[in-house]
Amino acid sequence: MRTRVGIIGAGPSGLLLSHLLHLWGIESVVLESRERDHVQARQRAGVVEHGVARLLREAGLGERMDREGTTHHGIELRFSGRSHRVDFPGLCGRDVRIWAQTEIVKDLVARRLADGGQILFGARATAVEDIESDRPRVRFVRGQSEQVLECDYVAACDGFHGIGRRSLPPEAVSTFDRLHPFSWLGVLADVAPSCEELVYARHERGFALHSMRSSRVSRLYLQVPNDTDPDAWTQERVWDELAERMAVPGWELRRGPITAKSLIPMRSFVTEPMSHGRLYLAGDAAHIVPPTGAKGLNLALHDVALLARGLRAWYTRRETGPLEAYSDTALRRVWRAQHFSHWMTTLLHTHGDAFDHRLQLAHLEFLASSRAASAQLAENYTGLPHV
Ligand code: FAS
Ligand code: PHB
């Protein structure tokens with residue numbers, strides 16, 4: 001099998017890359033180890049940055065997002081029994097869309113298949129070879145057969161556990177890794193959200209986040225120890241803990257049936273560089289951020305937009321500059337997002353000693369009283385302008 005760009009992974013990164021290349025007449029094949037239903041159902045991110053929403057619209061993928069998603073003009077910080085709203089337009093002139101990653105993936109799969117795109121589900125890449133030549137190839141297994149995909153370029157969009165990152169020469173790579181001493185217990189519930197905008201709560205018992213998927217479905221998270229067994233959390237215990245951590249006068253948390261529960265580790269990870277020879281990494285294959293800053297999905301789509309432009313420059317103008325600059329350009333945004341996500345995570349999660357807790361509260365008081373401090377949060381949360 002032969003194509004121009006071999007893409008490993010049909011998550012948001014791989015699918016958007018294949019779609020953008022198609023728009024510019026560049027052929028690709030996507031290899032995805034799981035089946036379509038699984039890929040489309042995976043509960044992941046919920047917030048789309050201002051610039052990424054525009055990117056999706058420009059790529060012809062914004063229609064359902066604009067019809068069914070919602071615009072949020074701020075978030076609410078809660079601490080010490082009080083609430084502070086961060087007004088995005090007032091502080092930085094931008095907003096965010098609440099639009100689940102599952103919906104972005106569904107639209108991308110449908111669009112690629114409607115456009116005749118090749119997504120091979122159930123095709124697990126097992127090796128990436130000859131990346132220092134101009135004819136790299138991907139070995140993959142599908143059903144009982146082992147096959148080879150020959151291509152000009154390989155894009156590893158295969159997430160944190162994929163083979164892409166492991167296919168870079170170890171001597172050429174530096175990795176930066178930090179596993180935080182707490183995780184999130186994420187729940188999906190069939191109940192209307194109890195807030196208009198996302199609530200990020202810092203409480204002595206731990207962090208809590210109230211997000212949503214629609215007017216009838218809420219998405220909530222609780223800081224828990226890393227060795228937590230989600231099954232040890234009954235529905236009643238989850239709701240009681242969320243209510244206590246997010247309590248402010250005059251507010252009540254609506255309860256309803258919890259339909260999904262999962263443990264999400266809090267990790268900060270970066271691979272440098274994000275390319276070698278004809279192999280390019282994008283998204284979680286190259287970096288992981290703790291979800292506190294809602295950056296993971298957005299970073300992935302920024303990577304892909306950059307990589308697609310580099311491949312377009314090569315195929316249409318035989319320009320190598322944008323591809324050569326891909327890793328350095330992407331990493332500038334990656335480290336900005338790493339810093340912001342780490343800052344939000346250490347600000348809001350209770351860990352460390354009493355001194356650390358007092359520092360957190362002093363910082364939150366400063367955020368609530370200083371326009372400059374809140375503007376820094378608003379600028380980062382709504383996303384840096386698209387490069
Ligand atoms: P993905 O991991 O989404 O996709 C990689 C794809 O590659 C998968 O479909 C996988 O099956 C496939 N694959 C892997 N190995 C393969 C192989 N060898 N051959 C073929 N296919 C292979 N971000 C936020 O902003 N907010 C959140 O709340 C949030 N919650 C998250 C919860 C969880 C449990 C996880 C794991 C991540 C969360 N994230 C969140 C981050 C998440 O949204 C990622 O940033 C996003 O999925 C990145 O997309 P991709 O880079 O496409 O990687
Ligand atoms: C989500 O809706 O899943 C979500 C929103 C904001 C975050 C993390 C997760 O910071």
Side-chain angles (χ1 to χ4, degrees), residues 5-9 11-14 17 45 125-134 136-139 151 153-183 226 264-311 313-314 320-346 380 383-384 386-387:
V5 182
I7 299 172
I8 308 173
S13 302
L17 177 61
T126 53
V128 180
E129 298 170 347
D130 292 344
I131 60 174
E132 292 175 357
S133 78
D134 59 1
R137 58 177 175 277
V138 182
R139 291 190 184 281
C151 33
Y153 290 93
V154 178
C157 302
D158 50 354
F160 186 65
H161 301 290
I163 66 161
R165 185 172 67 251
R166 297 200 300 270
S167 303
L168 296 172
E171 67 278 6
V173 170
S174 303
T175 58
F176 305 81
D177 192 4
R178 178 158 302 178
L179 192 60
H180 296 269
F182 39 76
S183 296
N226 283 336
I264 299 158
M266 305 291 278
R267 183 170 217 138
S268 303
F269 182 91
V270 180
T271 307
E272 289 187 3
M274 289 173 51
S275 65
H276 184 87
R278 292 289 182 107
L279 173 59
Y280 290 79
L281 305 186
D284 279 19
H287 42 70
I288 294 283
V289 284
T292 325
K295 288 298 163 203
L297 168 65
N298 291 291
L299 260 187
L301 300 187
H302 277 296
D303 287 351
V304 157
L306 203 56
L307 180 55
R309 288 216 298 276
L311 290 164
W314 164 255
T320 57
L323 275 180
E324 287 160 1
Y326 166 73
S327 179
D328 288 346
T329 306
L331 283 167
R332 277 196 294 276
R333 178 183 294 275
V334 166
W335 279 110
R336 170 94 298 283
Q338 286 288 355
H339 174 264
F340 174 66
S341 303
H342 187 270
W343 174 79
M344 279 277 275
T345 299
T346 50
N380 280 283
L384 303 180
H386 198 48
V387 285

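Taking every heavy atom of both residues into account, His287 and Ala300 meet most closely at CE1-N, 4.4 Å. When all heavy atoms are compared, the tightest approach of Ser268 to His180 is OG-NE2, 3.0 Å. Across all non-hydrogen atoms, the minimal contact from Ala125 to Val138 is CB-CG1, 3.7 Å. Heavy-atom minimum distance, Ala155 versus Leu307: CB-CD2, 4.1 Å. Of all heavy-atom pairs spanning Leu279 and Leu168, the tightest one is CD2-CD2, 3.8 Å. The minimum heavy-atom distance linking Pro322 with Ala313 is given by the pair CG-CB, 3.7 Å.
Under the rule for a side-chain contact (heavy atoms from CB on, under 4.5 Å), the partners of Ala325 that lie at least two apart in sequence or sit in another chain are Thr329. Applying the side-chain contact (heavy atoms from CB on, under 4.5 Å) criterion to Pro273, with sequence neighbours excluded, gives Ser327. Residues that satisfy the side-chain contact (heavy atoms from CB on, under 4.5 Å) test with Pro12, not counting sequence neighbours, are Gln101, Val105, Leu297, Leu301.
We find the CH2-CG distance between Trp335 and Leu299 to be 11.5 Å, quoted to the nearest 0.5 Å. From Leu323, atom CG reaches atom CH2 of Trp314 across 9.0 Å, with rounding to the nearest 0.5 Å. For the atom pair Ser275 OG and Glu324 CD, the distance stands at 9.5 Å (nearest 0.5 Å). Rounded to the nearest 0.5 angstrom, Ile163 CD1 and Ile8 CD1 are separated by 4.5 Å. For the atom pair Tyr153 OH and Ile131 CD1, the distance stands at 13.0 Å (nearest 0.5 Å).
Within a 6.0 Å sphere centred on CZ of Arg336, heavy atoms belonging to other residues, nucleotides or ligands number more than 12.
Counting only residues at least two apart or on different chains, the salt bridge (Lys or Arg N to Asp or Glu O under 4.0 Å) pairs with a member in residues 288-304 are Glu49-Lys295. Screening residues 264-288 for salt bridge (Lys or Arg N to Asp or Glu O under 4.0 Å), with sequence neighbours left out, gives Asp177-Arg267. Evaluation of the salt bridge (Lys or Arg N to Asp or Glu O under 4.0 Å) test over residues 154-168, restricted to residues two or more places apart or in two chains, returns none.
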TODO: Please assess Asn380 against His339 for the test side chain to side chain contact (heavy atoms under 4.5 Å, CB included), listing each intermediate value before the final yes or no.
DONE: CA-CA 10 Å; Asn380 280 283; His339 174 264; over 6 Å; no

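Listed for the Ser341 side chain is no donor-acceptor partner under 3.5 Å among the backbone atoms of Gly293.
The closest side-chain heavy-atom distance from Phe340 to Val289 is not below 4.5 Å.
Aromatic ring pairs are classed by plane angle as parallel below 30°, tilted from 30° to 60° and perpendicular above 60°; the pair Tyr326 and Tyr280 is perpendicular.
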